[in-house]
Every structure is written in C-alpha cells, then in structure tokens.
Amino acid sequence: MTETLLIAGASVLGAGGADILVEDGVITGIGTGLSRDGARVIDADGLVALPGLVDLHTHLREPGYEASETILTGTRAAAAGGFTAVFAMPNTSPVADSAGVVEQELALAEAAGYATVQPIGAVTVGQKGERLAELGAMAGSRAKVRVFSDDGFCVFDPLIMRRALEYVKSFGGVIAQHAQDPRLTEDAQMNEGVVSAELGLAGWPAVAEESIIARDVLLAEHVGSRLHVCHLSTAGSVDIIRWAKKRGIQVTAEVTPHHLLLTDELVRGYDARYKVNPPLRREEDVLAVREGLADGTIDIVATDHAPHPGESKACEWQAAANGMVGLESALRVVHQSMVQTGLLEWDDVARVMSSAPARIGMLDGHGEPLEVGRPANITLYDSAVAGTFTQADLHGRSENSPYLGRELPGRVEWTIHNGVVTLAEGAVAEELVR
C-alpha cells in the first residue's frame, strides 16, 4: 500500500481548482472540500495538474554506458521533469535486440521505482541494418515491447524497412524511424545553410531527413502498417507528414523541445552543447514545427534525452558527440515555445506530452485523464514562476544541457508515479514511500 495523498486546490489542466484524493495508487476522489484522515496533504494552490508526462524517446544508456546515465539516474531526472514513464531507446551495449536485454532493463527500472520504463527494441541485430532483430521474442517477453527503432541509425535498406513494418503488424507494433540518409550526411557537422557556409562546416541537408520520411510513409501505406517518425526537424518534413495523414497513412511524428526553441545560429559559438542529431535548424523550420505541433500534424513532444560524459562535449566541435539532456527542461521549454506563444493550452500540453505518447507506445496506465478510478500518475507544475536553468536543475549523470544559463518559465513542483511521490516541492525524493 502506498501512502494516501490529498492534493489540495490544483488547477486541473489549467482550469478551476479542485482537490484530488489518491489512495493505494489510484485517484479515488476529485472535487472541492475533500478530506481524509491521515492523508499527506499537498498544497497545490495555483499549480497546474497534468497527467504524468510520458516520453517516447529517452536514452538511459544502461546497460553498457553507465558513465553517461543509468536507469536509476535517468528516471530520477525524469521525475524532476514531471515524467512518470519513459521509453528507453535500444542503443545500449549490448544492444537491446533480444528478450534478455529488454527484460533486464525492465527489472532495473522496477527496482529503481522513479518512473515506468518501457524498453524499445532494436529493429535490426546490433542496429547494423543487415537483418531483423528478434522482434517477436521481444514483443512476447515480459517487457511486452511494441515500439522498435534503430535510433541513432537510420533503417536505410528499404527492403529491411518493409519487412520490419510487415512483421510488427501481427501484434500491432510500430517502427520508429531515425530519418537520416547516411549518404547525404557523411561528415555532416550542422544544418546545411547560410550558417554552415559561413563557418565552413559540412552541412546536414533537410532533404536527408525528408527523403527518408517520404519513402517510409509510402512503405507504411503499401503494407498497411504503423510508422512513427523520430525527432522531426524541418518544414519540409512537416509538409510530408501532413500529406501522409490526409492520405490516411498510419504515421505519427514527434518533435523535440530543442527543435521547438533553438536554431542553428547558436552554432556560431562552437559550443558543443548545441551539437545534436538531427541538427538545430533555421528559424523558419522552428516556426514550421511549432505550427505542425499546434495543428496536430506532429503528434507529440519527445525529449531525445541523450546524456554524454563531460569529455564528449568539452572538445572541438568536430570531435564532440551529438546529443542533449532534456528530461528536466522539457515541460518548461514547451511552456515557453508553445504555451506562452498562444499555440497550445494546458489540455493540449497534456495531449502531446502524456496521452498521445502513451497511446502511440501502447503503454497501459499512463497518459490517462485525471479521473476517479485512474492510476495516480500526476504532475503538478507552477506556471507562474520563472528562473535560470542551472546545474542544480539536472539530476542525471551528465550535464550536456543546451539551456544552462538560460531563463525558462515554470517549475515542476510535484511528480507522483502510481501514487508514489517521486518529486516533492521541486526536490527529487531520496527514498520512495512504496
């Protein structure tokens, strides 16, 4: 049995205040003037109550790269950002391409307890793009894998991609594609455009993303299967997804917080915190992906949380690793780029950061409305404050955040995972009461 919680005066989805009663990990009451003897009272006056956030794209690095992150530290970072569930990408060592590895990840997450971790399985053995991994075995394992990706690498061979899309149809799975033509991006260092030309850095052209998306939506249509596009970043990609959805193709897409806010102009300082794949794009692309998220063309926000040790970023630009940590900052960046700009309301935020990711990933018990009888996965967010993002806001093993020193709105105050408080008044719980 978990402790009884009484959340007092929360603004549910930004609407009027209400009390939320949580008992045995389940919401048992919503209304005004609620009370329960012995309950732990959480003063949520002025706080926005959201369904616990769900991240469909997280790199937890374990097993194999524990110097960057572990499942424990990564889920503590998730709790700090308001996430109650994360999907773990398979580029670990060994690669999560078998039932044994995904079940190991699941066991480590259950022991940690800070968030639900749903493993994503690799599409190909070793993510080498040569032959299909054990998709059926992973789907039938205790981890119940339903999302498969070679993220970090594109499934470039069209026949392999077709076979993968066909295979997952049998159990309703989805292939999540890292859309990057490797031939068009050889030695690429940043977005191809005016800035790359001025800096003399090899460019990563938008067509390298768009051509793969165009191919794959047609493959998905041909076999009648589900495709998910990872970290969409260009205006042209938004147009292709919009066309595909109008055609009735089963495609969903995600955008990262950094592609909603940051542009390639930041590369001028050669600060490797801004080196990422896909790269930061032009202002025109940022505005296009914001509009795509607002009108539903892009389904969700996913962090692509990619921790790296300090030495992988504290070097010259060309040698630096791609990737940014993003779990702790995601909701604040969405607040700034989408809510403060009037493009989304708080119920929209709940959709793109909770319910839709859970639906795409087929994760039961998460992304559900804040209603009586639902699992108590809840995020309480103070939208009225603002502050500078610092190292103190980071709770994982790596500090490669592009937002350090930047003013961001809001603050996640409380995170409740299946009735267990994982973040209290902005501080990650050192011990969980469960």
Side-chain angles (χ1 to χ4, degrees), residues 52-122 126-127 138 141-143 145 147 149 151-152 256 273 276 302-314 321-330 361 363 366 391-401 404 412 415 417-418 420-424 427-434:
L53 306 185
V54 178
D55 187 11
L56 196 64
H57 192 146
T58 305
H59 297 274
L60 295 179
R61 303 302 192 205
E62 189 176 16
Y65 303 108
E66 289 85 356
S68 299
E69 195 76 283
T70 68
I71 288 173
L72 173 60
T73 62
T75 52
R76 284 173 60 87
F83 290 90
T84 58
V86 298
F87 285 71
M89 280 294 178
N91 52 339
T92 51
S93 182
V95 169
D97 59 4
S98 67
V101 178
V102 295
E103 289 183 345
Q104 176 190 5
E105 292 176 340
L106 185 68
L108 288 168
E110 290 171 343
Y114 283 90
T116 296
V117 174
Q118 176 57 55
I120 293 177
Q127 295 186 300
M138 288 186 280
S141 73
R142 196 171 75 86
V145 177
V147 183
S149 180
D151 185 62
T256 70
R273 288 183 300 137
V276 66
T303 71
D304 194 8
H305 176 82
H308 290 290
E311 60 269 21
S312 295
K313 288 290 190 177
N322 286 305
M324 305 167 169
V325 293
L327 285 167
E328 298 98 331
S329 52
L363 184 62
H366 290 272
Q391 279 90 350
D393 293 300
L394 298 173
H395 296 271
R397 283 197 168 175
S398 299
E399 297 184 348
N400 54 305
S401 168
L404 293 173
V412 180
T415 305
H417 172 233
N418 288 331
V420 176
V421 174
T422 57
L423 182 81
V428 176
E430 292 303 319
E431 294 185 3
L432 301 181
V433 181
R434 53 175 176 159

Can a side-chain donor-acceptor contact be found between T73 and E69 if the only test is distance below 3.5 angstrom? yes
Pair Q118, H366: side-chain N/O donor-acceptor within cut-off below 3.5 Å: no
Ionic contact status for E328 with R76, cut-off 4.0 Å: no
Of V54, L106, N418, which is the lone residue that meets side-chain contact (heavy atoms from CB on, under 4.5 Å) with T116? N418
I need the single residue from V86, V117, D304, I120 that forms a side-chain contact (heavy atoms from CB on, under 4.5 Å) with T58. Which is it? V86
Shortest non-hydrogen separation from [X] to [Y] and the atoms involved:
X: A96; Y: E105; value: CB-OE2, 3.9 Å
X: G396; Y: A77; value: N-CB, 4.0 Å
X: P119; Y: A143; value: CG-CB, 4.1 Å
X: Q104; Y: P63; value: OE1-CG, 4.0 Å
X: V428; Y: A80; value: CG2-CB, 3.9 Å

Step by step, work out the side-chain contact (heavy atoms from CB on, under 4.5 Å) result for R397 and E66. CA-CA 9 Å; R397 283 197 168 175; E66 289 85 356; 4.1 Å; yes
Take T84 and T415, measure what side-chain contact (heavy atoms from CB on, under 4.5 Å) needs, and give me the verdict at the end. CA-CA 7 Å; T84 58; T415 305; 3.8 Å; yes
Given side-chain contact (heavy atoms from CB on, under 4.5 Å), test R273 with H308 step by step and report yes or no. CA-CA 10 Å; R273 288 183 300 137; H308 290 290; over 6 Å; no
Contacts satisfying ring pair (Phe, Tyr, Trp, His ring centres under 6.0 Å) that involve residues 56-91 (not counting sequence neighbours) are H57-H59, H57-H231
Euclidean distance, [Y] [atom2] relative to [X] [atom1], rounded to 0.5 Å:
X: E62; Y: S68; atom1: CD; atom2: OG; value: 11.5 Å
X: H395; Y: L327; atom1: NE2; atom2: CG; value: 11.0 Å
X: T92; Y: L60; atom1: OG1; atom2: CG; value: 10.0 Å
X: Q127; Y: N91; atom1: CD; atom2: CG; value: 5.0 Å
X: E103; Y: L108; atom1: CD; atom2: CG; value: 12.0 Å

Intermediate values then yes/no, side-chain contact (heavy atoms from CB on, under 4.5 Å), V433 and V421: CA-CA 7 Å; V433 181; V421 174; over 6 Å; no
With sequence neighbours left out, the residues meeting salt bridge (charged side-chain N to carboxylate O under 4.0 Å, His left out) with E110 are R142
